[in-house]
Amino acid sequence: MDTQKRVLIKFSGEALAGQNGFGIENSVLKYIASEIKKLISNDIEVGIVIGGGNIIRGVSAARDGLIKRTSGDHMGMLATVINAIAMQEALESSGLDVRVQSAIQMEAFCETYIMRRAQRHLDKKRVVIFAAGTGNPYFTTDTTAILRAIEIQAQVIIKATKVNGVYDKDPHKFEDAKFLSTLSYDEAMKDEIKVMDNTAIALAKDNKLPIIVCNMFEEGNLLKIIQGDYSTCSVVK
Ligand code: UDP
């Protein structure tokens, strides 16, 4: 398969926390920046969505009823902006041009998301980090990632995780869990698999956007996959 020219990579907020489980671990930021730099050096245009789960998620903020779900989701979206600003610093430190674009206007911090402007940045080989989710409560950053990938006309979306890809059941619980190198969108929606939430997968399905799930902590993996070697990941299509 040919090298993809434009990709969107989704990192979970939790990935940024490293071993701590909370907050932002600078060594992870540096590692991600070095992996993204390899892509830019190979003429690949890169959009990024980062979650906020290392700081707060709407559902858990609203758990005991004190905070309303919508407010919790607003807090979650703000968490993604914190992560985006941190990632911007790390990418800039490694010599890359970066723009953060937020779905919610926050002009002292970053640009507001404008699709055509994002396209221009990508054309100029600037990394664009899409922050504040979709700007709406009751959505996730997985759905944001699919949405932005479609808008910027990325050929593929990569969900960068801590595991090698998708299994038919939880490999931590079941010894006989089978690795799935390819699966359909409908299979990806099954409860025991759930690559992403159903809204995200349905959007990818409707727009025929392949979803790649891979291990971000395997050095060189992102570049290898984007160059067409799918031997170390799972593909939902
Ligand atoms: N969020 C939201 N709308 C969006 C995207 C995110 O309300 O379009 C909120 C939601 O509360 C979510 C939180 O932001 O839980 C952080 O995003 P997510 O849970 O997707 O982060 P991840 O699990 O990838 O770290």
Side-chain angles (χ1 to χ4, degrees), residues 6-17 22-24 29 32-33 36 40 45-62 66-94 96-154 157-160 196-197 199-200 202-204 206-207 209:
R6 182 172 287 181
V7 298
L8 192 133
I9 306 173
K10 158 77 205 294
F11 296 97
S12 74
E14 266 167 32
L16 297 196
F22 181 82
I24 300 171
L29 288 179
I32 294 176
I36 301 294
I40 299 292
E45 298 165 3
V46 184
I48 295 177
V49 169
I50 315 170
N54 54 324
I55 300 170
I56 198 153
R57 288 198 176 93
V59 174
S60 34
L66 175 70
I67 295 171
K68 285 196 278 301
R69 169 69 191 270
T70 44
S71 296
D73 282 341
H74 291 163
M75 293 157 73
M77 284 185 263
L78 286 170
T80 71
V81 180
I82 295 174
N83 286 336
I85 292 171
M87 179 63 79
Q88 181 177 39
E89 288 291 338
L91 291 166
E92 283 180 351
S93 294
S94 68
L96 298 175
D97 284 333
V98 192
R99 296 291 185 276
V100 174
Q101 288 205 341
S102 166
I104 306 276
Q105 202 172 343
M106 245 178 259
E107 66 178 22
F109 291 175
C110 57
E111 293 180 2
T112 303
Y113 174 64
I114 297 174
M115 188 261 286
R116 285 188 169 73
R117 202 166 185 190
Q119 301 261 21
R120 286 281 293 154
H121 289 321
L122 293 164
D123 290 342
K124 292 182 178 174
K125 302 286 179 281
R126 294 176 185 143
V127 178
V128 182
I129 307 174
F130 301 102
T134 61
N136 301 291
Y138 297 99
F139 286 93
T140 63
T141 51
D142 279 349
T143 302
T144 309
I146 303 286
L147 176 64
R148 295 291 183 247
I150 295 164
E151 287 181 286
I152 64 168
Q153 295 174 314
I157 170 161
I158 300 184
K159 178 161 171 145
M196 287 180 167
D197 59 90
T199 312
L203 192 57
D206 285 351
N207 291 281
L209 177 72

Interatomic distance, [X] atom [atom1] to [Y] atom [atom2] [nearest 0.5 angstrom]:
X    : Y    : atom1 : atom2 : answer
K124 : D97  : NZ    : CG    : 10.0 Å
I150 : L203 : CD1   : CG    : 4.0 Å
I82  : L16  : CD1   : CG    : 11.5 Å
M196 : T141 : CE    : OG1   : 8.5 Å
I152 : M115 : CD1   : CE    : 10.5 Å
M75  : I67  : CE    : CD1   : 4.0 Å

A79 meets the side chain to side chain contact (heavy atoms under 4.5 Å, CB included) criterion, sequence neighbours left out, with I55, I56
Those residues at least two apart in sequence (or on a different chain) that pass side chain to side chain contact (heavy atoms under 4.5 Å, CB included) with A160 are I9, F11, M216
So salt bridge (Lys or Arg N to Asp or Glu O under 4.0 Å) across residues 74-87, not counting sequence neighbours, yields none
Here the side chain to side chain donor-acceptor pair (under 3.5 Å) pairs for residues 98-108, sequence neighbours left out, are Q101-E111
Once salt bridge (Lys or Arg N to Asp or Glu O under 4.0 Å) is applied, do any residues pair with [X], and if so which ones, sequence neighbours excluded?
X    : answer
K68  : none
D73  : R69
E151 : R148

For I146 and A200 the tightest heavy-atom approach is CG1-O, 3.6 Å
On a heavy-atom basis, the closest approach of A149 and I157 is CB-CB, 4.4 Å
Residues in side chain to side chain donor-acceptor pair (under 3.5 Å) contact with [X], at least two apart in sequence or another chain:
X    : value
N54  : N83
T140 : T143, D197
E89  : none
T80  : none

Review point. P137 versus M77: any side-chain heavy-atom pair under 4.5 Å?
Key: yes
* Asked: Is D123 salt-bridged to R6, going by a charged N under 4.0 Å from an acidic O?
  -> yes
Could you go through residues 125-135 and list every donor-acceptor pair under 3.5 Å that involves a side-chain atom there, pairing it with any protein atom two or more places apart or in another chain?
from	atom 1	to	atom 2	distance (Å)
K125	NZ	E45	OE2	3.1
R126	NH1	H121	ND1	3.0
T134	OG1	N136	N	3.1

If you apply the rule side chain to side chain contact (heavy atoms under 4.5 Å, CB included), what do you find for I85 with M106, and how did you get there? CA-CA 12 Å; I85 292 171; M106 245 178 259; over 6 Å; no
